[in-house]
Amino acid sequence: MQWPMMPRARLGSVAVKCTTATVGLLLMAAVTVMATADQEPTQTATTSRGKILMYPYVSLGKNSHIVNFVRLAKILRSRGYHVHLLIGADADAGSWDELDQIFDVVHLYPSANRSDIDIAKVTLEWSSMSSYQFVLWITDNLLSQCEALLSRPSLLVDMQRERYDLLFTDFVNNCGRIVSDYLNIPTIAYSPAGFISDKALFPDLPSFIPVSPMSQLEPGKMTFSKRIENTLEYVAMNLFWFPQWFGTFQSLREKYQINASLDVRMSFLSALVLVRSDFVLDYPRPVMPNVVTIEGVFFDDPKPLPHDIATFVDGAGSDGIIVVCFGTMIGHLDRRRNEMYARVLARFPQRVVWRVAGMKPASLGNNTLAVDWLPQNDLLRHANTRLFVSHCGLSSTMEAAHNAVPVVAMPMCTDGFQNALKLTRAGMAFSLDFKTLTEDSLESAIWEVLNDQRYKRNAIRVAALLNDTLVPPRDKFLYYVDYVIRHGGVAHWQADVLQTMNNWQLFNFDMAALGLIVLMIALFIAGGVFWLSIKFMWQCWLAPKPINKEHAH
Ligand SMILES: *[C@@H]1O[C@H](CO)[C@@H](O)[C@H](O)[C@H]1NC(C)=O
Ligand SMILES: *[C@@H]1O[C@H](CO)[C@@H](O)[C@H](O)[C@H]1NC(C)=O
Ligand SMILES: *[C@@H]1O[C@H](CO)[C@@H](O)[C@H](O)[C@H]1NC(C)=O
Ligand SMILES: *[C@@H]1O[C@H](CO)[C@@H](O)[C@H](O)[C@H]1NC(C)=O
């Protein structure tokens, strides 16, 4: 570790604070181990292929974002890159000792303590906290971390002196945009959470692309009223959300005079945007040339299961096992649901491996092994695994898909709903509503997926498609890192049309309006000509003779 303003002593106290933290933190630690189950060998090469600064997004504790970064850092270091980490000293990103080992250098900057939110609680009682409030909380959190960095200009100057070859930041880390502009170096913006609405980088066509990840809309299956809903979300996003999201960070940059004249919306324009996604499962959508999808980087060689779990799983016989896990953030459910799950799972001939952190349910069946932590990917890969009961976070979803394991999906929050829908669309999952779940519906869903062979067949097909890539995903990842460094960014792929054009132009509304006007003029002229010719004809041939007229009077 090195940081002029943060001597090691300070670091030590942070580490002590972390190790003596509450149950919540222990939980996070368990999660950490789980999430980093696939360890790459960490070896430091003698000659560096490049010096990379990783600036992740840290919010809500050790979540999938930082876990992704840690894994990528291991891969990069094993291939001879020097990888430094830039992170807030009070960021709840897991154990400092671990980070110290994974990165060549950890640059800490003083930051505010923001772990004042109970993630499991928020998730389980999702409805009680509106998603808007939640997003505001996250923005506020990111903003305070960003301010901690920008308010100390010497930190940025030191970063500049390091002369990095590449900034590797999180797509949702808006402060990464400011740092990228300041350092003015090639940048990769990685999105571990798949496609996130950003008008500037991914053409967002509300006619068929679901705008909100929480919505249960499907491309091509939106009725007229659903399209109204989606379009309204799109408009709200562009009128209210984006101006606020980018505006707050723009103000911050102006306040501290960090390249104040530049627009944060434009910052990632010449960056490479790496999106964790595969169109085998993901919804179809157009992307700009500087956007590259990548998936399967972490799907690597299996590791042996821990002894107790291995014995249990191997002894399951032909009935196989069911794996139950609700992701990194949700270690356990509430007491009532815990007991209900335990009762239902006890009714199956399969053996069950279930991750329940903390107190174990009283109704646990003798076929169920409740563990504080489980090596999810290795378990899903096991030949005896028949079924996965999951909350459908992106990592869990992809692990199930890669391993061809049918899923009983129980989405609870954020992108889980869409991930569950994607698996259901592919015919490898049965989706349940977590909020209204009953003992009966849970039991029949599990029987359904276990007994209907179509789920397994579809899962095998999905896995085969995911596996069939031009080059191994890890090589693809390393190629692009190298590519961006080699060519000093991807400005040549830059597609700023989406930012420079307004929606009026982008959707060709002005052309449609012009067409309409031309059409109206043409109709008007045609109508006039028609009317004149009728009048003329009337006067020439059909109009009564003046004599008759006089006669009539
Ligand atoms: C961070 O949180 C801990 C415990 O919640 C508290 O003791 C400490 O004072 C906080 N630090 C800051 C800088 O707010
Ligand atoms: C931002 O400001 C820094 C320091 O003044 C400068 O080195 C850098 O080139 C600027 N970035 C851009 C994109 O102009
Ligand atoms: C598990 O419990 C069931 C009934 O609840 C019983 O029939 C079975 O023998 C038990 N198995 C073992 C290994 O104890
Ligand atoms: C994945 O592809 C590799 C070759 O690229 C092949 O050896 C392997 O058997 C495939 N695995 C599955 C599960 O299809």
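Quick note: residue numbers are just sequence positions, from 1. Read the numbers this way: they start at 1 and go in the same order the structure lists the ligands and their atoms.
- Under the rule for a salt bridge (charged side-chain N to carboxylate O under 4.0 Å, His left out), the partners of Asp452 that lie at least two apart in sequence or sit in another chain are Arg454.
- Atom numbering of ligand 2 starts at 1 in the shown order; those under 4.0 Å from a heavy atom of Gln160 are 7 (O).
- Remark: aromatic rings of Phe195 and Tyr283 are distant, center separation not under 6.0 Å.
- Side-chain contact, Arg177 with Asn174: a donor N or O sits under 3.5 Å from an acceptor N or O.
- At least one heavy atom of Leu262 sits less than 4.0 Å from an atom of ligand 2.
- Under the 3.5 Å distance criterion, with hydrogens and angles disregarded, no donor-acceptor pair is assigned to the side chains of Tyr190 and Asn173.
- Checked for salt-bridge contact, Asp319 and Arg386 miss the test: no charged N lies under 4.0 Å from a carboxylate O.
- Atom 5 (O) of ligand 4 is not flagged as protein-proximal [any protein heavy atom, distance under 4.0 Å].
- The option with the heavy atom closest to atom 2 (O) of ligand 2, from among Asp181, Leu156, Asn259, is Asn259.
- Remark: minimum distance from atom 11 (N) of ligand 4 to any protein heavy atom is reached at Asn467 ND2, 2.7 Å.
- For the pair Arg152 and Tyr109, the cation does not sit on the ring face, since its NZ or CZ is not both under 6.0 Å from the ring centre and inside 45° of the axis.
- Looking only at heavy atoms of the protein, atom 8 (C) of ligand 2 is closest to Tyr182 O, 3.5 Å.
- Atom 9 (O) of ligand 2 has Asn184 ND2, 3.3 Å as its closest protein atom, hydrogens excluded (heavy atom only).
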